Amino acid sequence: MNRLHQILENQSPQSLAVVDTDGRALSYATVLQEAQDLVETLRHLGVRPGDRVVLVAENCALYATTVIAASLADVWLILVNARQSAAELQAIVDHAAPRMILFTSHVSDNAANHAQSWNASKVGTVGHADLVATSALESTPVPVEPSADQVAVLLYTTGTTSAPKGVMLTHDNLIFSSTNGARYFDVRTTDQVLGVLPGTHIYALSSVFLNCMAGGASIRFVSRFDPAGVLTHLRSGVTRFPGVPQMFSALMAHCDKAGEPLGADDLRFLVTGGAPLDPGLKDRVERFFGLPLCNGYGITETSPSVASTHPSDPKEDVSVGPPYTWIETRIADPDEDGIGEVQVRGRNVMKGYFREPDKTAEAMTADGFFRTGDLGRIDETGSLHISGRLKELIIRSGFNVHPPEVEAMLSRHADVYSAAVVGRQVPGNEEIIAFVKTGGNTTGEELRAWLREKLVSYKVPQVVLVVDDWPAASTGKVLKHKLLEHFADSLPAVES
């Protein structure tokens, strides 16, 4: 295979592939046919092979159809979550210089608002959905490569630690990752996957949607996360639920408040990724769902998956399991505790950053490993533990403090649902600031007192702030770089 759409061509044509947000069922043959129809429409509107096309979307069948149509049309697809701001979309368009922008306005008010701002209009229909698009924009196509090394998708990172960059992922990157993942996790033709993670994110694109298609299963799309709605789907035949930790936490909180049991009798597989998993939350999820919670690790630049635990070998800790055998993973320059930068080499590693050769070169080692920027260690069983971002390391009174360690301990408190820990510069030192979501039965000072009994003194936060919500990416991942500014009025001032 050298194009993404060939994943679908290898499946039984009449088998169920997609259940849309309105309940419409699409077979593999229908998805391919609607994708071909979309290609013809785009050609008529002036989209050429080698062009870049932006899709501003929330989850629906049109999202899936567009991913496949882009492959058929030999265009680069730029996926943008509709909930991103107008300024964020404009920055992506300015950098990528696309030929056209498409919008899933029928399932997303945010997409409809963006479409209005861009003077987009209905240009046709795809299946039951109106196709809303801009007119053709000034753009220069790139040469089409006949091999699988052609770029399939251009994903702009959310910029949780730095300015967003355009990650070029090839057809081979995505085919390699999704087909290996489907085999590893035993995706079956009888499986129905819940597609509630944003499809514009690499986790949902590769490890959910394409992974599902590679296994011949079906995916049930949900445009955005809502605990009550997701529970309805889980109780209606869904067998596989990929999520982020915040989703599992919200589902349990909803059931606790409503006094409802889970009632998801067909569910057989749970997996989380996209954000650190706290041990307290992991324990609660596994008791509530009655299933092991697989924990995975990956990043956009590696398409994305690097490692994961497996249901047949559940872990009591919150490691992300052994690195996958079909790629190479190493810990570079480990310290006395075995912690160093996680580096990855293999067919899953991106082609590079679009129009930024210097940043691409900086991200790669001389022997071809990608520098993830994440700190980790591999234990005696071969499992990878993620210790945090290199840039998130807190140095408190000369001691290294890894935020996930403090977050993990906070999560063990019975009243804490989730926690995010960051550093704040103060004269001559660095403070540890913890933000926590709780059940409302404890205070920040009480949590600090509790932590003093659990952690060495230099790891105890100087401030623990109980919050109702925090800045988050579309996946639910906490935007740590925004926490201090967002809660500036609630934090004690830094003494000069």
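Scope of the values below: all heavy atoms of this structure, side chains included, with no hydrogens, waters or symmetry mates. Nothing fancy with the numbering, it's 1 onward along the sequence. Because the structure is a prediction, the values reported are computed rather than measured.
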* Asked: In terms of side-chain geometry, is the basic nitrogen of E328 or R347 positioned less than 4.0 Å from the acidic oxygen of its partner?
  -> no
* Asked: For atom CG of D468, is the number of surrounding heavy atoms from other residues, nucleotides or ligands below 6.0 Å larger than 12?
  -> no
* To do: Go through the structure and list residues passing salt bridge (charged side-chain N to carboxylate O under 4.0 Å, His left out) with R371, not counting sequence neighbours.
  => none
* Structure fact -> H385 meets the side chain to side chain donor-acceptor pair (under 3.5 Å) criterion, sequence neighbours left out, with D379
* To do: Look at the rings of F241 and F289 and say which category their plane angle falls in: under 30° parallel, 30 to 60° tilted, over 60° perpendicular.
  => tilted
Please tabulate, for side-chain N and O atoms in residues 16-23, each donor-acceptor pair with protein atoms closer than 3.5 Å (sequence neighbours left out).
residue	atom	partner	partner atom	Å
D20	OD1	A61	N	2.9
D22	OD1	R24	N	3.0

* Verify the neighbour count for atom CG of D109: are there more than 12 heavy atoms of other residues, nucleotides or ligands below 6.0 Å? => no
* Kindly write out the residues that satisfy salt bridge (charged side-chain N to carboxylate O under 4.0 Å, His left out) with E407, not counting sequence neighbours, or none if the list is empty. => K480
* **For H233, side chain to side chain donor-acceptor pair (under 3.5 Å) partners two or more places apart** => R220
* Structure fact -> Sorted by chain and residue number, the salt bridge (charged side-chain N to carboxylate O under 4.0 Å, His left out) partners of D265 (sequence neighbours excluded) come out as none
* Asked: If we ignore angles and hydrogens, is there a donor and acceptor under 3.5 Å between the side chains of S305 and S207?
  -> yes
* Quick one: do R424 and E430 make a salt bridge, cutoff under 4.0 Å? -> no
